[in-house]
Engineer: 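If you scroll down you'll find the structure; I have some questions about it.
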Amino acid sequence: MPHPIRESTEQRELLQLSEFAAKASQSQGRRRGIDPDPVRTCYQRDRDRVLHSKAFRRLKHKTQVFIDPRGDHYRTRLTHTLEVAQIARTVGRALRLNEDLIEAIALGHDLGHTPFGHPGESALDEAIRESPSDPGLTGFSHSDQSLRIVDVLEDLNLTFETRLGITGHSKGQGDLTTADGQSRSTVEASVVRICDRIAYLNHDLDDAMRSRIVDEIPARFQVYGDTQGLRIGSMVQDVIENSLDSAEIQFSPALLDFMNELKDWLFENVYHRYPVLYSDIAKAQRIVKFLYRHFLEPGTLPEPYAGAQGAVDYVAGMTDRFAIETFTDLQLPQVWITPV
């Protein structure tokens, strides 16, 4: 049966989007074929599947930088994800790219993050390497875990374009280079990769000021604006102006140098300083390692989830609070209540 609403949207994409944009009607499809939706394109369905997933909802209680913060205005992994999606959509719209694919990739790019942010990820990676019980497990990457969530744990059956965009976005402490704007799968994936860094550089700086880990922003980092909004706007404009009518996402040499210098400053003054000032980082990492080793033990997880991969999936999927509560239940004695 014809589906005029969806087909009309697909036709508009062919007429209006850039020649470099991904078109829903030209998608490589899914690992398992499904009937087309009467209203939504394949990328719109991907976005909705990610948005309604359990892993996406858990992001609201996962650390961005500050562990389980009591202040209401600190970023969490969920708000980070939403900021990435917003910035990436703005860039994509200006470049006439496929906003639906951009949003699907952005919303799914951090689904595999552990509790306690990057320190939790490092702790789980170390625990796996220290307790090799499965030859197939050589370490942990939240990007790989994000793909595992959408492919296996929740089996969202996303399009190949969205799946490829979700993987390989993370650079850790590595410098941003012009290669990051080159298309590895779609231009839309490149947009998300660049906008992920634009988002976290700015909101982590904002949170660092709020926490008073840093007292002021050095003057050299105000060249693109003295507020978060102005800096993001200037960065977005630079990326758009340098990427128009191109198959690559590009930026000026000045912006590239600025972003890498700001990243280095944040690592030195925030990410590496936070564990020194607040011992809770080390505590959180010990919790992650303990939980992984505990759930490696036979009988701690039901079949078919037992084993090293099951322990990875269970611990990586925990929110900060659930990890703390589980550790407390396992390690601390419970109050005795006299039976009636």
Engineer: Quick one: do Ile166 and Leu158 satisfy side-chain contact (heavy atoms from CB on, under 4.5 Å)? Show the steps, please.
Structural biologist: CA-CA 11 Å; Ile166 286 174; Leu158 304 180; 4.1 Å; yes

Engineer: Which heavy-atom pair separates Gln334 from Leu332 by the least distance, and what is that distance?
Structural biologist: NE2-O, 3.2 Å

Engineer: On the 0 to 90° scale, with breaks at 30° and 60°, tag the Phe290-His294 ring pair as parallel, tilted or perpendicular.
Structural biologist: parallel

Engineer: Would you call Asp100 and Arg40 a salt bridge, using N to O less than 4.0 angstrom?
Structural biologist: no

Engineer: Can you name the nearest heavy-atom pair linking Leu101 to Thr162, along with the distance?
Structural biologist: CD1-OG1, 3.3 Å

Engineer: Going by ring-ring contact (aromatic ring centres under 6.0 Å, His included), name the residues that satisfy it together with Phe160, two or more places apart in sequence or in a different chain.
Structural biologist: none

Engineer: Test: ring-ring contact (aromatic ring centres under 6.0 Å, His included). Region: residues 8-42. Which pairs qualify, not counting sequence neighbours?
Structural biologist: none

Engineer: What I want to find out is whether Asp46 reaches Arg49 closely enough, with some N-O distance under 4.0 Å, to be called a salt bridge.
Structural biologist: no

Engineer: Which heavy atom in Thr177 sits nearest to a heavy atom in Asp180, and how many Å separate them?
Structural biologist: N-OD2, 2.9 Å

Engineer: Do you know the tightest heavy-atom contact between Glu19 and Lys23?
Structural biologist: O-NZ, 3.8 Å

Engineer: Of Arg77, Arg75, Arg197, Arg89, which is the lone residue that meets salt bridge (charged side-chain N to carboxylate O under 4.0 Å, His left out) with Glu83?
Structural biologist: Arg75

Engineer: Taking the six-membered ring for Trp, are Phe322 and Tyr314 parallel (under 30°), tilted (30 to 60°) or perpendicular (over 60°)?
Structural biologist: perpendicular

